[in-house]
Asks: 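I have a structure I would like to understand better, so I am pasting it below and will then ask my questions one at a time.
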There are 2 protein chains.
Amino acid sequence: MTSPPRPTPGELEILRVLWERGPSTVREVQESLGPARAAGYTTVLKLLQIMSEKALVTRDETARAHVYAARVPETQTQRQLVRDLVDRAFGGSAAQLVVQALSGRRASPEEIEDIRRLLDEIEGGKR
Amino acid sequence: MTSPPRPTPGELEILRVLWERGPSTVREVQESLGPARAAGYTTVLKLLQIMSEKALVTRDETARAHVYAARVPETQTQRQLVRDLVDRAFGGSAAQLVVQALSGRRASPEEIEDIRRLLDEIEGGKR
DNA sequence: TCGTGTCAACGAAATACTTCGTACAATCGC
DNA sequence: GCGATTGTACGAAGTATTTCGTTGACACGA
């Protein structure tokens with residue numbers, strides 16, 4: 001059993017909708033897509049069919065309007081994408097990616113606190 | 001003047017070689033590619049020609065073996081890629097990406113210290 | 001039952017990315 | 001000078017991704 005493939009950009013947009021809304025029909029997904037990613041109904045349908053083949057989503061065919069649900073967890077997918085980027089652009093150094101992510105921009109004080117706590121945990125666990 | 005386009009995965013591999021080696025010929029790039037990304041000579045040449053059109057690299061045709069150099073800075077490119085991922089997979093929250101990057105292991109104590117200092121700077125700068 | 005609207009399936013087309021074969025020019029060693 | 005080597009240019013082919021038109025099935029209400 002192999003892990004599901006990495007989602008393409010278009011597929012990721014759809015997964016984001018499914019993660020947020022939960023199981024949804026094609027029409028619901030299509031109408032929930034952000035304006036930056038608007039797409040026709042059949043386009044969304046096609047992507048969901050492909051994602052179904054790739055096992056990125058499950059499909060419930062009970063009702064006439066099939067209901068799709070994300071099969072891959074959000075966090076797991078995010079980690080996979082981060083790991084890919086770390087390898088492809090940062091030579092494997094997650095810390096370097098973190099530096100770029102934080103030096104660039106927006107991070108509220110609360111978020112910074114969250115990160116500090118996370119660092120504590122990591123260090124603590126190593127001791 | 002528009003910013004240079006985002007490099008494709010193959011282009012990124014080549015940029016990484018140019019960032020590390022400095023200006024290089026096609027053959028030098030080709031031989032410096034990691035085993036995971038080995039490619040024939042003409043493949044690398046073609047990529048470099050395309051990258052030249054896209055203004056991702058400059059080309060010095062003085063010598064018979066043209067010399068290519070990265071035109072985009074490594075840090076700037078890394079930030080662009082991080083920003084893309086933050087938007088596409090983390091709903092714009094850089095902090096969430098950081099959390100996933102760090103909880104996915106591998107980060108040495110020194111790196112963690114670096115990140116702490118960075119957090120200090122960010123907080124300090126806001127004051 | 002018939003017309004209208006909704007839906008899934010299918011396939012074609014457009015674009016992007018990667019890879020490499022072939023052709024031809026410049027250069028080197030003898 | 002001449003063959004072998006090394007280089008660039010060009011284009012074609014293969015794959016991946018995205019988009020959407022068309023078709024036929026289905027369901028609901030008049």
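All figures in this text were calculated on a predicted structure; none of them were measured in a lab. Residue numbers begin at 1 in each chain, while the letters A, B, ... track the order of the sequences.
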Asks: Between the side chains of B/Lys54 and B/Glu11, is the shortest nitrogen-to-carboxylate-oxygen separation below 4.0 Å, so that they form an ion pair?
Replies: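 Yes, charged N to carboxylate O under 4.0 Å.
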Asks: Less than 4.0 Å between a side-chain N and a carboxylate O, is that true for B/Glu74 and B/Arg16?
Replies: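 Salt bridge between B/Arg16 and B/Glu74, a charged N being under 4.0 Å from a carboxylate O: no.
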Asks: Among the nucleotides C/dA9, D/dC20, D/dG11, which one has an atom lying closest to any side-chain atom of A/Lys46?
Replies: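 Nucleotide nearest to A/Lys46's side chain: D/dC20.
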Asks: Would you mind reading off the distance between B/Tyr41 atom OH and D/dA9 atom C1', rounded to a whole angstrom?
Replies: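 B/Tyr41 atom OH is separated from D/dA9 atom C1' by 11 Å.
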Asks: What is the distance, rounded to the nearest whole Å, between atom CG of B/Leu48 and atom C1' of C/dC17?
Replies: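 In whole Å, C/dC17 C1' lies 15 Å from B/Leu48 CG.
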Asks: By the 4.0 Å heavy-atom rule, please label A/Glu61 as base, sugar-phosphate, or nothing.
Replies: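 Answer is nothing: A/Glu61 stays at 4.0 Å or more from every strand.
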Asks: Between B/Arg6 (CZ) and C/dT15 (C1'), how many Å, whole number?
Replies: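 Atom CZ in B/Arg6 sits about 15 Å away from atom C1' in C/dT15.
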Asks: Regarding B/Thr42, tell me which of base, sugar-phosphate or nothing describes its non-hydrogen contacts under 4.0 Å with the strands shown.
Replies: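 Base, at least one base heavy atom under 4.0 Å.
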Asks: Counting side-chain heavy atoms from C-beta on, which of C/dT18, D/dT18, D/dC10 comes nearest to B/Pro9?
Replies: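 From the listed options, C/dT18 comes nearest.
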Asks: Between B/His66 and A/Arg37, who's closer to the 5' end of DNA chain D by nearest nucleotide?
Replies: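 Whichever sits nearer the 5' end wins; that is B/His66.
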Asks: At less than 3.5 Å, do the side-chain atoms of A/Arg64 and the base atoms of C/dT6 form a donor-acceptor pair?
Replies: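 Counting by modelled atom types and ignoring angles, a donor-acceptor contact under 3.5 Å is found here.
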Asks: Rounded to the nearest Å, what distance is computed from the CD atom of residue B/Gln30 to the C1' atom of nucleotide C/dC20?
Replies: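 Spelled out: CD on B/Gln30 to C1' on C/dC20 is 12 Å.
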Asks: Does any part of the side chain of A/Glu113, heavy atoms only, come nearer than 4.5 Å to the side chain of A/Glu111, both counted from C-beta?
Replies: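 No, too far: nothing below the 4.5 Å cut-off.
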Asks: What is the distance from CD1 of B/Ile50 to C1' of D/dA12, rounded to the nearest Å?
Replies: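 Rounded to whole Å, this separation is 13 Å.
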Asks: Out of curiosity, A/Tyr68 OH to A/Leu45 CG, how far, rounded to the nearest 0.5 Å?
Replies: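 Here the rounded value is 5.5 Å.
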Asks: Provide, to the nearest angstrom, the distance between the CD atom belonging to B/Gln49 and the C1' atom belonging to C/dT19.
Replies: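 Atom-to-atom, B/Gln49 to C/dT19, this comes out as 13 Å.
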Asks: Taking only the side-chain nitrogens and oxygens of A/Thr43, find out if one of them lies under 4.0 Å from OP1 or OP2 of D/dC20.
Replies: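 Checking A/Thr43 against D/dC20: at least one side-chain N or O falls below 4.0 Å of OP1 or OP2.
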Asks: Test B/Arg83 against B/Val86 for side chain to side chain contact (heavy atoms under 4.5 Å, CB included), laying out the working first.
Replies: CA-CA 5 Å; B/Arg83 192 180 330 122; B/Val86 165; 5.6 Å; no
Asks: Over how many whole Å does the gap from A/Glu11 atom CD to D/dT17 atom C1' extend?
Replies: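 In whole Å, D/dT17 C1' lies 9 Å from A/Glu11 CD.
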Asks: For B/Thr8, report the nucleic acid contact type (base, sugar-phosphate, nothing); a contact means any heavy atom under 4.0 Å.
Replies: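 If one applies the 4.0 Å heavy-atom cut-off, B/Thr8 turns out to touch the sugar-phosphate alone, with no base involved.
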Asks: Expressed as a whole number of angstroms, how long is the span from B/Tyr68:OH to D/dG7:C1'?
Replies: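 Computing the B/Tyr68:OH to D/dG7:C1' distance gives 10 Å.
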Asks: Report yes if a side-chain nitrogen or oxygen of A/Arg27 is closer than 4.0 Å to either non-bridging phosphate oxygen (OP1 or OP2) of C/dT6; otherwise report no.
Replies: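 Indeed not, no polar side-chain atom of A/Arg27 lies that close.
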Asks: Which of the following nucleotides, C/dA8, C/dC20, C/dC17, is nearest to the side chain of B/Lys54?
Replies: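 It is C/dC17.
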